[in-house]
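Reviewing the structure listed below.
Below, each value reflects all heavy atoms present in this structure, side chains not excepted, and no hydrogens, waters or symmetry copies.
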Amino acid sequence: METNYKEAERYYRAHKKVEEIKKFYQHLTVYLLCNPIVIVVNLMTSPEFLYFWWCILGWGIPIVLHGLKAFECAPLFNKKWEDQKIKEILKKENNIQKWE
């Protein structure tokens, strides 16, 4: 019984991971399709002021952060940090229940 539960949990985590990676690739695709349009519009309307760099940079930073999270390369708030916080919160809740 427990083996089935663990196997189902592993499948759920893997599915969730694949969904996260898929969302990152969708985000990246939209970024790559939209920025050339912004560049062309900028160069056609006001070539003396190149504002498209702000769009590329302003949207590029979240893309990089999303990629780091999707591929578990984020230095902060990673899976290890989440597990430690969960244990810490459960420990605090157990201590509170003991005193009540």
| said: Under 4.5 Å between side-chain heavy atoms, counting indirect links through other Ile/Leu/Val/Met/Phe/Trp/Tyr residues: same cluster for W53 and F49 or not? | reply: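 As far as the 4.5 Å side-chain criterion goes, F49 and W53 are connected within one cluster.
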If I take atom [atom1] from residue [X] and atom [atom2] from residue [Y], how far apart are they, to the nearest 0.5 angstrom?
X: Q26; Y: E19; atom1: CD; atom2: CD; answer: 8.5 Å
X: K23; Y: H66; atom1: NZ; atom2: NE2; answer: 7.5 Å
X: I39; Y: C55; atom1: CD1; atom2: SG; answer: 9.0 Å
X: H27; Y: L65; atom1: NE2; atom2: CG; answer: 10.0 Å
X: K22; Y: H15; atom1: NZ; atom2: NE2; answer: 7.5 Å
X: E72; Y: I21; atom1: CD; atom2: CD1; answer: 8.0 Å

Salt bridge or not for [X] and [Y], using N-O below 4.0 Å?
X: E9; Y: R13; value: yes
X: E7; Y: R10; value: yes
X: E88; Y: K85; value: yes

Q: Ignoring hydrogens and angles, tell me if any N or O in the side chain of N35 forms a donor-acceptor pair with the backbone of F52 under 3.5 Å.
A: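 Here the side-chain-to-backbone pair does not exist.
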Sidechain-backbone polar pair: Y25 side chain, E20 backbone, donor-acceptor under 3.5 Å: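 No; judged by distance alone, with no hydrogens or angles, the pair does not exist.
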Is the shortest heavy-atom distance from the side chain of [X] to the side chain of [Y] under 4.5 Å?
X: Y51; Y: V41; result: yes
X: E93; Y: L90; result: yes
X: W59; Y: C34; result: yes
X: L33; Y: I37; result: no

Taking the six-membered ring for Trp, are F24 and F71 parallel (under 30°), tilted (30 to 60°) or perpendicular (over 60°)?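 The rings of F24 and F71 stand perpendicular, inter-plane angle above 60°.
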Exercise for review: Provide the closest heavy-atom pair for I56 versus Y31 in the form atom of the first, atom of the second, distance.
Suggested key: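 Closest pair (atom of I56, atom of Y31, distance): O-OH, 3.1 Å.
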